[in-house]
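Beneath this line is the structure, given in structure tokens, with notes to follow.
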Amino acid sequence: VTPVFCAVFMHELLRKLTLFPLRRLIPILLLVGFSVSLITLLTLYRSGYRKNAIDLHRTTAQHSVEVLVHLLENDRQLFERRFSLLVRPSDTGIVLITDQNGIVKYSNQRLLTGQPVDEVFDLLRLARGINRQRIEQSIDPSETSFIDSGSRQILYRPFRSDMQHGHVIYVLDLSDILYSFDRNLLSFVLPALAVVGLPLLVFGFLYMRLYHNRLNSLMETTEALSRGELDVRAELFGRDEIAALGERFNRMASKIGTLAYRDSLTGIRNRAAFEEAVQHQLQFSTPGAMIFMDLDGFKYVNETFGHNVGD
């Protein structure tokens, strides 16, 4: 049902569009087409960049989590000495290392140290439902897991050593990076697209103006033929549909001129051609001669043998 409805709707829409003249319809269609194409291109480009940026930073954060887990499980002293160098304060990531009670023991944000992890999640305004219980239930000790929360990615992995166990949590915040990209997109990509798109749009307008002028010329030629100007002909150039239409019009006009001034049976000029020739002679006072010839007996031949024989 839906394909049939769409086909009927498109058919009716196209019929409605024929009510508008081309000189108004074509510019509107060009503007709409250019705008839709531009918006679609920007949307695809933006979504592709966002995905690449999130994947890149997530991979980096995942590597950091794995390094921290390895040190916590195998070399606690090296972890204690190098922690501040491994996880420096960052605008994009907050590292939380919790103990078995869910208390933050280490963090690159010192103010968060000693806080319960659930309170830290509330402080960071993470999405509803992201808490310690969810992380502990969905944890996979063999690999780093993550929760996708739009511009924020939460990566986590458990660790276990002889001294204690807990979780390494990496809260990745990409909102500033994505906002900066959107701003740069408006500042640089849009002007670049305008430089490319506007000439194409202007070219399209100029081409459709030429197309409309040729159609208008053909319409004026047709109107002149309808007024009895049998010697008018369409101007021909190009090899497109309008040129083919003009060629057919010229052939039709020549045929109409022949039928208008010559007898269809004998090809001899008829009365209309005679009157026009006489008017020309009288207008320019050109000397000439006229021969009148009357052929009798055609009525008898037509009635006896038929019109075909008479012709």
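Nearest heavy atom pair, residue M252 against residue L225, reads CE-CD2, 4.2 Å. Contact detail for A234 and F249: the closest heavy-atom pair is CB-CD2, 3.9 Å. Shown here for A61 and L172, the closest heavy-atom pair between the two residues is CB-CD2, 4.5 Å. Scanning all heavy atoms of the two residues, the minimum distance from V232 to T221 falls at CG2-O, 3.8 Å. Taking both residues in full, the closest heavy atoms of S107 and L96 are given as OG-CD2, 3.7 Å, listed atom of the first, atom of the second, then distance. Taking both residues in full, the closest heavy atoms of E247 and L236 are given as N-CD2, 3.4 Å, listed atom of the first, atom of the second, then distance.
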For this session: Go through the steps to decide whether L112 and L123 satisfy the test side chain to side chain contact (heavy atoms under 4.5 Å, CB included), and finish with yes or no.
Result: CA-CA 9 Å; L112 302 179; L123 182 65; 3.7 Å; yes
Exercise. What do the steps show when you test V67 against H70 for side chain to side chain contact (heavy atoms under 4.5 Å, CB included), and what is the final call?
Worked result: CA-CA 5 Å; V67 170; H70 176 77; 5.7 Å; no
Exercise. Would M219 and E223 count as a side chain to side chain contact (heavy atoms under 4.5 Å, CB included) if you check the C-alpha gap in whole Å, the side-chain angles of each, and the deciding distance to 0.1 Å?
Worked result: CA-CA 6 Å; M219 291 175 58; E223 182 67 22; over 6 Å; no
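Remark: the backbone N or O of I268 is not paired with any side-chain donor or acceptor of D263 at under 3.5 angstrom. With T144 contributing its side chain and Y156 its backbone, the two residues share no donor-acceptor pair below 3.5 Å. Side chain of N270 to main chain of A272: a donor-acceptor pair is present (N/O by atom type, distance under 3.5 Å, no hydrogens or angles). Judged by distance alone, the side chain of D118 and the main-chain N or O of G102 form no donor-acceptor pair under 3.5 Å.
Within 6.0 Å of the CG atom in L282, the count of heavy atoms belonging to other residues, nucleotides or ligands exceeds 12. Open room surrounds CZ on R110; 12 or fewer heavy atoms of other groups in view lie less than 6.0 Å from it. Remark: Q77 CD is loosely packed, at most 12 non-hydrogen atoms of other residues, nucleotides or ligands lying under 6.0 Å away. Atom CZ of R227 has more than 12 heavy atoms from other residues, nucleotides or ligands within 6.0 Å. For R233, the CZ atom sits in a packed shell: over 12 heavy atoms of surrounding residues, nucleotides or ligands are nearer than 6.0 Å. The local environment of CD in E229 is crowded, with over 12 non-hydrogen atoms from other residues, nucleotides or ligands closer than 6.0 Å.
Ring geometry for F9 versus F5: interplanar angle under 30°, hence parallel rather than tilted (30 to 60°).
Note: R160 CZ to E73 CD = 9.0 Å, rounded to the nearest 0.5 Å. Expressed to the nearest 0.5 Å, how far OH of Y106 lies from CD of E80 amounts to 3.0 Å. The CD atom of E241 sits 10.5 Å away from atom CG of L215, with the distance rounded to the nearest 0.5 Å. We find the NE2-CG distance between H165 and D99 to be 8.5 Å, quoted to the nearest 0.5 Å. Rounding to the nearest 0.5 Å gives a distance of 11.5 Å between CD of Q115 and CG of D122. Annotation: the span from R157 atom CZ to F146 atom CZ amounts to 14.5 Å, rounded to 0.5 Å.
Hydrophobic clustering (ILVMFWY, side-chain heavy atoms < 4.5 Å, transitive): F274 and L230 are in distinct clusters. Both I256 and L218 are members of a single hydrophobic cluster when ILVMFWY side chains are connected at heavy-atom separations under 4.5 Å. Cluster annotation: L78 and V69 are assigned to the same hydrophobic cluster (Ile/Leu/Val/Met/Phe/Trp/Tyr, side-chain heavy-atom contacts under 4.5 Å, transitive). Both V278 and M290 are assigned to one and the same hydrophobic cluster, defined by single-linkage of ILVMFWY side chains at heavy-atom distances under 4.5 Å. Hydrophobic clustering keeps I103 apart from L68 (ILVMFWY residues linked when any side-chain heavy atoms are closer than 4.5 Å, directly or through intermediates).
Tested against F159, the residues T98, N74, I97 include a single side-chain contact (heavy atoms from CB on, under 4.5 Å) partner, I97.
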